[in-house]
Amino acid sequence: MPPGAPMGHGGPAGYGYPGYPQGYGWSGMPLPPQNGAGTAAMVLGILACCMFCAYGVVSVVLGILAIVFGIKGRKRVAEGLADNHSQAQAGLITGIIGLILGLAVVVVVIVSIMVAVNSDTSYEDDEYGYGAQRPVVTAPALG
């Protein structure tokens, strides 16, 4: 009978070789790192910095999401579940920058709308026909 075969060496059927503890099969591969939050933070942070020109609203939303995912990513790195501390940190920083840019654009848009609404100047312009009518000059007929 070969070594380690069922009922070999007088023991019950099991796994492994004599002298080693009996196991219940291969434990499998270790879990891969959970880098999704850090990567998402970095992507959202970069988009927040780029999208501030869309009236700032998109940048504010993406900046907040990048900050949340950056904090989650840093917590996962601290717990040993992820290994992309740099991406999570970059996402957090770019999220803060995108949020500040977005808020600045929102403030500028609101202030400029308020100034335009509350201004007392008239925007009537004679050049575009809003004021006095100009006489129409026609070319002489060729004949």
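Note that the coordinates shown come from a computational prediction; the quantities given were computed from them, not determined experimentally. If you read the sequence from its start, that first residue is 1, and numbering goes on from there.
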Going by chain and number, the hydrophobic cluster around M42 (ILVMFWY, side chain to side chain under 4.5 Å) further includes I46

Would you call N35 and D83 a side-chain contact if the rule is heavy atoms closer than 4.5 Å? yes

Heavy atoms of A66 and G45 approach each other most closely as CB-N, 3.5 Å

R76 meets the side-chain hydrogen bond (donor to acceptor under 3.5 Å, both in side chains) criterion, sequence neighbours left out, with none

Across all chains, not counting sequence neighbours, the side-chain hydrogen bond (donor to acceptor under 3.5 Å, both in side chains) partners of T39 are Q87

Those residues at least two apart in sequence (or on a different chain) that pass side chain to side chain contact (heavy atoms under 4.5 Å, CB included) with V117 are I113

Between Y55 and V105, the two heavy atoms sitting closest are C-CG1, 3.6 Å

Residues at least two apart in sequence or cross-chain that pass side chain to side chain contact (heavy atoms under 4.5 Å, CB included) with S59, listed by chain then number, are A48, F52

Cluster overlap L101 with V68, hydrophobic side-chain contacts below 4.5 Å: no

Using a 4.5 Å side-chain heavy-atom cut-off and chaining through intermediate ILVMFWY residues, the residues clustered with V58 come out as V43, L44, L47, M51, V61, L62, L65, F69

Closest non-hydrogen contact found for L92 with R74 is CD2-NH1, 3.2 Å

What one should report as the nearest heavy-atom pair of G91 and T94 is O-OG1, 3.3 Å

Hits for side chain to side chain contact (heavy atoms under 4.5 Å, CB included) against I100, two or more places apart or cross-chain, chain-then-number order -> I96

I'd like to check V111 versus V115 (side-chain heavy atoms, cut-off strictly below 4.5 Å). Are they in contact? yes

Are V60 and I97 connected, step by step, through hydrophobic side chains (Ile, Leu, Val, Met, Phe, Trp, Tyr) whose heavy atoms are closer than 4.5 Å? no

What one should report as the nearest heavy-atom pair of V57 and V106 is N-CG2, 4.1 Å

What one should report as the nearest heavy-atom pair of A88 and G73 is CB-C, 3.9 Å

Rounded to the nearest 0.5 angstrom, the CD-CD1 distance for Q89 and I71 is 10.5 Å

